[in-house]
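Here is the structure we will look at.
Both counts, for ligands and for their atoms, begin at 1 and track the order of listing. Counting begins at 1 with the first residue of the sequence.
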Amino acid sequence: MNRFQNIFNAQKANQFTVGNATYKERIKKLNALKQAIEVDFKDQIREALYADFKKPFLETDLTEIYPILGEIKYVKSELKGWMKHQKVTTPMALLGASSWYIHEPKGVCLIISPWNFPLNLTFGPLVSAIAAGNTVILKPSELTPNIAQVMSDIITKLFSENEIALVQGEVEVSTALLELPFNHIFFTGSPQVGKVVMKAAAKHLTSVTLELGGKSPTIIDKSANLKAAATRIAWGKFVNNGQTCIAPDYVLIHEDVKDEFIRVFKVVIESYFGNDASTSNAYARIVNDRHFKRLQNHIENAKTHNAKIELGGDVQELDNFIAPTIISNLPEDASLLQEEIFGPILPIKTYTNMQEAIDYINSKEKPLALYVYSKNKKQTQFVIDNTRAGSTCINTNVLQYSNHYLPFGGSNNSGIGKAHGIFGFQEFSNMRSVLKQHTKGSIEFLFPPYTNLKQKLVDFTLKWF
Ligand code: NAD
């Protein structure tokens, strides 16, 4: 605990030096991070993620390295504007004053990240935190130790501990860190742990960003282009071996097109991974034994419920391999329909009319993402109008994450607050209002003593403003 307290104290003492860094100084830090990820540590990053869960190099480039480089590039292009005084209108009643607000740094921040996109979800928020002028303690997941070590090496090389520090460890480390009175906590992980974080933050009235998970539904209506839907869903579901917070968790499909969709989906999966995905170099593995067993239990549970394994279902304990799996005819109490899946298993559930699909979604927690495949604009709008979700893609999935102009995050059970671009920058900033009085203000005519004349002026003002 003492070690964390010492780092915290050192960062607190240094927060104004870091916070008052100019635009150019902040850009220099972002450039250093870019150079480390793009060049100096690129090979170590790829190898570490392969060692952690056999993540293919191309997937590492696409889903870990590229998003951070893209975020840095975008932030660099906008930061000058974000750091400026943001002028706002001053109402007539405050004649003689002018007003603006500034994005001041929150101060000393904690970023706790998960294992599923460990680099992206640790350094992504860090980019926002640096841009906003904060000091940061990072706590990556213990489940991907190889990449955690590479990230630690990067941080140690680039920053002093009183500005950015990375500490490794299990739950006890998080618990100890959460005792400290941080100015902001940015947590990415499960809703269960999100509640622990929010409770700890409440003790110090620390603000939080919670990037959480849950079950993200995918609706496919009768009019949808089934081939396009299958092509995109198969990628969105099986990239990172299904261990993606915004992966389509399950499909809700109109009963008339279910059989055809499954037929096309099987063809697509074979074209991606061959007929034995365990030999494919495009297919990662489950992160550890515990998660492997959890997913194996889901498949066993589905079988005991007489569900239909449409594809896959095979597992290899030796290297935590679970084949791309499609399961239909699941009863509502099957575990696959109750818990976030977070693996390469796709349940397919049918509906007969859209209202039924919507009622089903609304009977659950608000999802992080909700996807709709349809050619019918009215139907798509009907889904958006009658559901709530952190984000929606129409006729695709997962790509909303890659647009820095869009806020990324959930709602209630799937999250609080937003990440990426200006939204991430604001999450790590306090919007501080400033009002400057230039001349004698009109309000001063109303200061005490309260005379009849002043009362008449107030009556007049209330009537006309
Ligand atoms: P997790 O909640 O188990 O762990 C996340 C982090 O919290 C890790 O660093 C872990 O060490 C720490 N932690 C675990 N238990 C803790 C406790 N009791 N107190 C304090 N800290 C604790 O999540 P995970 O298994 O690493 O990741 C999977 C979850 O994260 C899924 O639910 C997924 O949907 C979600 N997720 C969300 C996003 C998003 O952007 N919204 C992104 C990725 C993952």
Side-chain angles (χ1 to χ4, degrees), residues 4 52-53 63-64 67-68 71 110-125 128 137-145 147-148 151-152 166-180 182 185-201 203 206 208-216 236-237 239-249 286-292 294-295 339-343 365-370 389-391 398 400-402 406-420 423-424 427:
F4 304 150
D52 280 330
F53 60 109
T63 67
E64 301 272 4
I68 305 170
E71 183 77 15
L110 172 66
I111 295 175
I112 301 179
S113 55
W115 54 265
N116 64 326
F117 290 92
L119 184 85
N120 182 352
L121 297 173
T122 308
F123 284 174
S128 303
I137 298 181
L138 299 158
K139 203 314 260 167
S141 173
E142 66 281 16
L143 301 196
T144 38
I147 190 68
M151 290 193 284
S152 174
L166 185 147
V167 297
Q168 297 189 56
E170 306 202 359
V171 177
E172 311 81 71
V173 169
S174 279
T175 308
L177 287 167
L178 288 170
E179 290 289 315
L180 298 167
F182 283 97
I185 300 173
F186 191 108
F187 169 81
T188 307
S190 60
Q192 300 91 290
V193 181
K195 289 173 191 170
V196 175
V197 170
M198 197 163 173
K199 200 170 168 190
K203 246 199 281 177
T206 298
V208 290
T209 307
L210 302 177
E211 295 283 341
L212 310 177
K215 293 180 85 62
S216 295
K237 181 70 185 184
V239 70
N240 217 42
N241 216 218
Q243 302 163 117
T244 305
C245 57
I246 46 171
D249 185 275
I286 301 306
V287 72
N288 65 12
D289 295 356
R290 180 167 65 81
H291 282 283
F292 172 81
R294 179 181 64 76
L295 291 160
E339 295 160 28
E340 180 180 7
I341 298 171
F342 226 59
E365 297 284 4
K366 284 183 200 168
L368 183 58
L370 188 164
S391 59
V398 176
Q400 76 274 33
Y401 186 89
S402 312
L406 283 173
F408 181 80
S411 179
N412 298 133
N413 196 68
S414 53
I416 293 175
K418 301 289 165 185
H420 297 176
F423 310 101
E427 215 65 9

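- The shortest N or O to N or O distance between G189 and ligand 1 is under 3.5 Å.
- For V196, every heavy-atom contact with ligand 1 shorter than 4.0 Å involves the side chain, none the backbone.
- Within the 4.0 Å heavy-atom criterion, the part of E142 lying near ligand 1 is the side chain and not the backbone.
- Closest to atom 13 (N) of ligand 1 among all protein heavy atoms lies V193 CG1, 3.8 Å.
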Show your working on side-chain contact (heavy atoms from CB on, under 4.5 Å) between S128 and E71 and close with a plain yes or no.
CA-CA 9 Å; S128 303; E71 183 77 15; 4.2 Å; yes
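- L368 CG to K215 NZ: the interatomic distance, rounded to the nearest 0.5 Å, is 13.5 Å.
- Nearest protein heavy-atom contact of atom 17 (C) of ligand 1 is V171 CG1, 3.5 Å.
- Taking NZ of K139 as the reference point, atom CD of E170 lies at 8.0 Å (rounded to 0.5 Å).
- Under the 4.0 Å distance rule, the nearest protein heavy atom to atom 24 (P) of ligand 1 falls inside the cut-off.
- Here S216 contributes atom OG and K366 contributes atom NZ; the two are 14.0 Å apart, rounded to the nearest 0.5 Å.
- The distance from ligand 1 to the heavy atoms of I112 drops below 4.0 Å at these ligand atoms: 6 (C), 7 (O), 9 (O).
- Of all atoms in ligand 1, numbered sequentially from 1 with element shown, those under 4.0 Å from a heavy atom of E211 are 37 (C), 38 (C), 39 (C), 40 (O), 41 (N).
- From F117, atom CZ reaches atom CD1 of I68 across 11.5 Å, with rounding to the nearest 0.5 Å.
- Taking only nitrogen or oxygen atoms, main chain and side chain alike, L212 reaches within less than 3.5 Å of ligand 1.
- Using a 4.0 Å cut-off between heavy atoms, N116 contacts ligand 1 through its side chain alone, with no backbone atom that close.
- Ligand-side atoms of ligand 1 in range of L121: 42 (C), 43 (C), range being under 4.0 angstrom from any heavy atom.
- The shortest distance between side-chain heavy atoms of I137 and I111 does not fall below 4.5 Å.
- In this structure, OG in S391 is found 7.5 Å from NZ in K418, a value given to the nearest 0.5 Å.
- R294 contributes atom CZ, which lies 13.0 Å from atom CG of D289 (distance to the nearest 0.5 angstrom).
- Of all atoms in ligand 1, numbered sequentially from 1 with element shown, those under 4.0 Å from a heavy atom of T188 are 5 (C), 37 (C), 38 (C), 39 (C), 40 (O), 42 (C), 43 (C).
- Counting atoms of ligand 1 from 1 in the listed order, those under 4.0 Å from a heavy atom of F408 are 40 (O).
- With hydrogens left out, the protein atom closest to atom 34 (O) of ligand 1 is E340 OE2, 2.6 Å, a heavy atom.
- For F117, no heavy-atom contact with ligand 1 is shorter than 4.0 Å.
- Neither the backbone nor the side chain of L143 comes within 4.0 Å of ligand 1, counting heavy atoms alone.
- Considering backbone and side-chain atoms together, S113 places an N or O closer than 3.5 Å to an N or O of ligand 1.
- Taking the six-membered ring for Trp and thresholds of 30 and 60 degrees, F408 and Y401 have ring planes more than 60 degrees apart, a perpendicular arrangement.
- For E170, no heavy-atom contact with ligand 1 is shorter than 4.0 Å.
- Listed by number with element, the atoms of ligand 1 under 4.0 Å from a non-hydrogen atom of F342 are 28 (C), 31 (C), 33 (C), 34 (O).
- Taking each heavy atom of I185 and A201 in turn, the nearest pair found is CD1-CB, 4.1 Å.
- Residues K203 and E179 are paired through a salt bridge, judged by an N-O separation under 4.0 Å between the basic side chain and the carboxylate.
- Look at S141 and you'll find a heavy atom under 4.0 Å from some atom of ligand 1.
- Closest protein heavy atom to atom 42 (C) of ligand 1: C245 SG, 3.1 Å.
- Atoms of ligand 1 lying under 4.0 Å from any heavy atom of S174, numbered from 1 in the order shown and given with element: 12 (C), 20 (C), 21 (N), 22 (C).
- Two residues are said to be in side-chain contact when any heavy atoms from C-beta on lie closer than 4.5 Å; N413 and L212 fail this criterion.
- Annotation for P140 and M151: closest pair CB-CE, 3.8 Å, computed over non-hydrogen atoms.
- The shortest N or O to N or O distance between H291 and ligand 1 is not under 3.5 Å.
- Between S414 and ligand 1, no N or O atom pair is found at a separation short of 3.5 Å.
- Among all protein heavy atoms, the one lying closest to atom 7 (O) of ligand 1 is F187 CE1, 3.4 Å.
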